[in-house]
Amino acid sequence: MISICGVSKWYGPTRVLDDCSTEVAKGDVVVVCGPSGSGKSTLIKCVNGLEAVQRGEVIVDGVVVTAPKTDLNRLRARVGMVFQHFELFPHLSVADNLTLGQIKVLGRSRDEAIARGLKMLDRVGLAAHRDKFPAQLSGGQQQRVAIARALSMDPVCMLFDEPTSALDPEMISEVLDVMVALAEEGMTMMCVTHEMGFARRVADRVIFMDQGRIVEDCAKESFFGAPRSERAQQFLAKILQH
Amino acid sequence: MNYHWNWHIFAQQVQGGSETYADWLAAGLGWTLACALCAWLIALALGTLAGALRTTGNRVLAGAGATWVELFRNVPLLVQMFLWFFVVPELLPRELSLWVKQDMPAKEFVTATLCLGLFTSARIAEQVRAGIQALPRGQREAALALGLTTLQCYSHILLPRALRIIIAPLTSEFMNTFKNSSVAFAIGLMELTFQARQMQEDSEQGIETYLAVTLLYFLCAIIANRAMALIEARTRVPGTPG
Ligand SMILES: Nc1ncnc2c1ncn2[C@@H]1O[C@H](COP(=O)(O)OP(=O)(O)OP(=O)(O)O)[C@@H](O)[C@H]1O
Ligand SMILES: [Mg+2]
């Protein structure tokens with residue numbers, strides 16, 4: 001479903017992605033972790049072309065994202081993305097947040113978009129909040145609306161960039177529950193997260209990044225069993241302490 | 001001070017004419033309102049465009065926006081009036097130049113409105129740019145990630161948010177437009193200031209004249225202010241402080 005081949009990216013002289021390669025098969029859940037600044041966000045944003053790469057190739061569902069002629073808007077409409085800071089549109093009601101993309105990008109009618117959006121809203125347990133505005137919701141609720149917004153577009157895969165790291169501890173689980181349910185239904189997911197409980201529960205593979213490189217890319221069992229690199233061991237020891 | 005006060009002067013007929021001085025001022029007020037309101041529409045449209053261009057991240061577009069701003073904000077408004085009125089027509093192709101100089105209807109009005117609109121647009125562009133730059137970077141990414149085009153991202157997300165942020169400086173700018181329109185008297189637009197000078201010379205009641213005109217400008221500015229406050233209240237996003 002997602003294939004990243006030999007991707008490198010520079011910001012001026014600094015190399016933020018260094019020859020990264022990995023695959024996410026249909027229905028798989030891959031967790032990406034690593035220290036701050038290691039390039040996790042950059043890597044995941046390459047998947048839907050939010051970040052351009054200077055070298056290598058990214059292919060999503062048969063579409064070559066990195067080819068200059070690719071219609072990126074069309075591709076992005078099929079790839080859901082959830083951000084660390086939710087990024088709901090605060091001047092639009094929850095319902096309008098859910099329908100904007102469906103109407104403007106997918107060309108759905110308003111009724112169709114509302115029906116689909118409300119179904120997704122119901123799925124994240126927030127159907128009662130359709131007429132509220134983002135500022136009237138808690139962080140956890142906002143992130144669930146953001147997930148519903150992405151799902152309303154009927155994506156073929158979902159990208160998550162630290163979806164719980166801006167949340168208070170008591171709200172993390174309500175978001176993780178939604179993600180676990182999604183994973184169990186067979187959604188293809190690439191998740192940047194440090195929630196190792198989530199990784200243990202639903203991940204098929206874990207990728208560990210450091211200094212722009214994919215240092216470790218292995219099945220969940222072997223990652224948690226005995227990561228091969230010393231860097232990953234240190235990292236795991238640090239975050240599992242909490 | 002042995003000034004001869006005469007507050008009835010406004011009801012008196014002008015020398016060698018059938019209108020009253022109040023008619024003169026009313027006509028002047030009409031041109032002032034027409035000029036300021038039309039200039040405001042031009043300024044809002046072009047200023048929003050130029051300001052948005054500067055934030056696109058595209059060098060050519062950003063350069064075009066920056067050039068626009070520097071062109072119109074670095075020359076005094078009065079000088080710009082003279083440039084548009086006396087210089088620009090000379091630079092046009094022969095046929096057009098002749099038409100502008102001899103046949104263009106409402107020449108002073110068109111010139112003054114255009115000039116004031118362009119001058120104000122440079123100031124609005126800077127405010128719009130600041131407003132867009134104040135938004136979190138993730139908003140643009142979230143809009144693009146849904147598949148919205150750059151144009152849709154600006155029209156549905158970035159500009160509606162940025163314009164709300166800058167409503168206070170925009171209000172000042174709207175009020176300035178009425179006040180600045182007084183400069184148009186210099187190229188012969190028979191707006192309020194022009195009529196005031198004419199009334200002063202004709203009636204020799206300068207104090208009453210200018211007090212009345214001051215009051216009229218003051219009222220224009222207050223009404224502009226109230227109108228913007230109404231728009232601000234109407235567009236306030238629920239759940240946000242205001
Ligand atoms: N616009 C930019 N210009 C220059 N350098 C950048 C830019 N964006 C990111 N970087 C650099 O690229 C590197 C990777 O950044 P990235 O955001 O992908 O890291 P990350 O692993 O997601 O970190 P975090 O856990 O803090 O989110 C960092 O060193 C960062 O400083
Ligand atoms: Mg990041």
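Numbered from 1 within each chain, the chains take letters A, B, ... in sequence-line order. Values below: all heavy atoms of this structure, side chains included; hydrogens, waters and symmetry mates excluded.
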Item to complete: Output the distance between atom CG (B/Leu215) and atom CD1 (B/Ile222), rounded to the nearest 0.5 Å.
Response: 10.5 Å

Worksheet item: To the nearest 0.5 Å, what is the distance between CD (A/Glu162) and OG (A/Ser41)?
Response: 6.0 Å

Discussion item. With chain A as the partner, which of B/Thr149, B/Thr150, B/Ile157 has the greatest number of non-hydrogen pairs under 4.5 Å?
Written reply: B/Ile157

Worksheet item: With only heavy atoms counted, which part of B/Gln139 is less than 4.5 Å from chain A, the side chain, the backbone, both or neither?
Response: both

Worksheet item: With a 4.5 Å heavy-atom cut-off, do B/Cys220 and B/Leu33 have their side chains touching?
Response: yes

Worksheet item: At what distance, to the nearest 0.5 angstrom, does CZ of B/Arg129 lie from CD1 of B/Ile124?
Response: 15.0 Å

Worksheet item: Judged by atom type as modelled, is there a donor-acceptor pair below 3.5 Å linking the side chain of A/Lys40 to the main-chain atoms of A/Gly34?
Response: yes

Practice prompt. Please answer whether the main-chain N or O of A/Trp10 pairs with a side-chain N or O of A/Thr14 as donor and acceptor at a distance below 3.5 Å.
Written response: no

Response to the item:
Among residues 43-64 of chain B, residues within the sub-4.5 Å heavy-atom range of chain A, in order of number, are none

Worksheet entry | Separation of A/Arg108 CZ from A/Gln102 CD (nearest 0.5 Å) | 4.5 Å

Response to the item:
From the list A/Arg15, A/Lys45, A/Glu51, side chain to side chain contact (heavy atoms under 4.5 Å, CB included) with A/Lys9 holds only for A/Glu51

Item to complete: On the 0 to 90° scale, with breaks at 30° and 60°, tag the B/Trp31-B/Phe109 ring pair as parallel, tilted or perpendicular.
Response: tilted

Fill in: Heavy-atom contacts under 4.5 Å, residues 110-133 of chain A to chain B
A/Phe133

Item to complete: Taking only Lys NZ, Arg NE, NH1 and NH2, and the carboxylate oxygens of Asp or Glu, determine whether B/Arg73 and B/Glu70 approach each other closer than 4.0 Å.
Response: yes

Discussion item. Checking the side chain of A/Glu185 only, and the main-chain atoms of A/Leu182 only, is there a donor and an acceptor separated by less than 3.5 Å?
Written reply: no

Worksheet, complete the sentence: CH2 (B/Trp84) and OG1 (B/Thr113) are apart, to the nearest 0.5 Å, by 12.5 Å

Worksheet entry | Straight-line distance of A/Thr164 OG1 to A/Met179 CE, nearest 0.5 Å | 7.0 Å

Worksheet item: Residues of residues 59-93 of chain A under 4.5 Å from chain B (heavy atom pairs)?
Response: A/Asn73, A/Arg76, A/Ala77, A/Val79, A/Met81, A/Phe83, A/Glu87, A/Leu88, A/Phe89, A/Pro90, A/His91, A/Leu92

Worksheet item: How would you list, in number order, the residues of residues 161-171 of chain B that have a heavy atom less than 4.5 Å from chain A?
Response: B/Arg161, B/Arg164

Worksheet entry | Pairwise side-chain contact, A/Pro35 with A/Gln211, heavy-atom cut-off 4.5 Å (strictly under) | no

Discussion item. Applying the side chain to side chain contact (heavy atoms under 4.5 Å, CB included) criterion to B/Phe174, which one of B/Ile231, B/Asn225, B/Leu37 satisfies it?
Written reply: B/Leu37

Discussion item. Using a 4.5 angstrom heavy-atom cutoff, name the option from B/Ala142, B/Pro238, B/Pro136 with the most pairs to chain A.
Written reply: B/Pro238

Worksheet item: For B/Phe218, is the NZ or CZ atom of B/Lys179 found under 6.0 angstrom from the centre of its six-membered ring and inside 45 degrees of the ring axis?
Response: no

Worksheet item: Near B/Glu95 CD, under 6.0 Å, is it more than 12 heavy atoms from other residues, nucleotides or ligands?
Response: no

Fill in: 4.5 Å side-chain heavy-atom contact, A/Ile214 and A/Ser21
no

